[in-house]
Amino acid sequence: MLLIIASAGLVFLAVTLWMQPESVRRLHRDQRGLDTRMVLGRFLRQSPSPDPRVVAITGLAAELRAGRTPDRALEAVAQDVWPRTCAVASWGGDVTAALRAENDRVAAHLAACWQVGTTTGARLADIIENLARAERDAAEARVELRASLAGPKATARMLAFLPFLGVGFGYLLGADPITWFLSDPLGLPMVIAGALFTGAGVVWTRRITGQVESAL
């Protein structure tokens with residue numbers, strides 16, 4: 001009996017470690033000491049692949065603070081992100097229209113800020129800095145939401161694996177589940193019903209998490 005309990009514990013531990021995504025473990029490590037980091041540094045370290053658009057508008061605000069003109073500041077930080085808009089800015093064209101033509105959510109927000117700053121005389125650096133802060137907060141919220149979805153995903157994988165684990169435990173206890181499933185009149189219907197319920201649970205969980213991820 002002790003051997004059976006020890007074997008079951010080792011199997012459960014192995015399954016748990018296998019199902020925990022590496023990205024979740026990395027996020028947990030990265031979150032240590034998060035409150036002591038600078039805002040941009042925190043965003044860049046926490047996100048495995050920082051959004052280059054957010055990095056660009058953060059750099060744009062810094063360049064404007066340093067005294068560069070808007071067009072030159074945009075060229076300095078956004079050549080790799082919005083090259084067509086930077087080309088328009090280089091010859092003094094309509095940057096607002098060019099940003100809107102990028103068909104990009106962040107570019108559309110920047111276009112609105114650009115229009116307000118250039119038409120009303122408002123400080124463009126302040127406006128873009130607020131936009132950069134909002135985009136960083138949204139990116140951090142998406143990272144946290146993805147991390148929180150790891151729990152339901154791991155639970156779904158665990159539930160899908162439990163029937164096979166149960167069959168293994170049956171053999172450890174000296175039974176012969178597969179023979180019973182194939183020979184007893186109730187065996188095959190129970191296998192079919194269990195497979196249907198398990199499959200429905202996995203599909204349902206994936207659909208819920210997929211809808212949340214698609215909204216990110």
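These numbers come from a predicted model, not from an experiment.
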Asp51 and Arg136: CA distance, side-chain angles, deciding distance, salt bridge (Lys or Arg N to Asp or Glu O under 4.0 Å) verdict: CA-CA 9 Å; Asp51 190 338; Arg136 286 196 302 269; over 6 Å; no
Residue pairs meeting side-chain hydrogen bond (donor to acceptor under 3.5 Å, both in side chains), one or both in residues 162-175, sequence neighbours left out, come to Tyr171-Asp176
Heavy-atom nearest pair, Pro189 first then Pro185, reads CD-O, 3.2 Å
Nearest 0.5 angstrom please: Arg65 CZ to Leu124 CG, how far? 10.0 Å
Please report the interatomic distance CG(Leu74) to CH2(Trp114), rounded to the nearest 0.5 Å. 4.5 Å
List the atom of Val95, the atom of Val88, and the distance in Å for their closest heavy-atom pair. N-CG1, 4.3 Å
Under the side-chain hydrogen bond (donor to acceptor under 3.5 Å, both in side chains) rule, what pairs show up with a residue in residues 183-206, not counting sequence neighbours? Trp180-Asp184
State plainly whether the residues Asp80 and Arg53 are in salt-bridge range, i.e. N to O under 4.0 Å. no
Looking at Glu63 and Arg72, is any side-chain nitrogen of the basic one under 4.0 Å from a carboxylate oxygen of the acidic one? no
For Gln79 and Glu75, the nearest pair of non-hydrogen atoms, with its separation, is CG-O, 2.9 Å
Nearest heavy-atom contact between Ala132 and Ile57 is CA-CD1, 3.7 Å
Quick one: closest heavy-atom pair of Ala73 and Leu64, and the distance? CB-CD2, 4.0 Å
Answer yes when Arg105 and Glu135 have at least one side-chain N-carboxylate O distance shorter than 4.0 Å, and no when they do not. yes
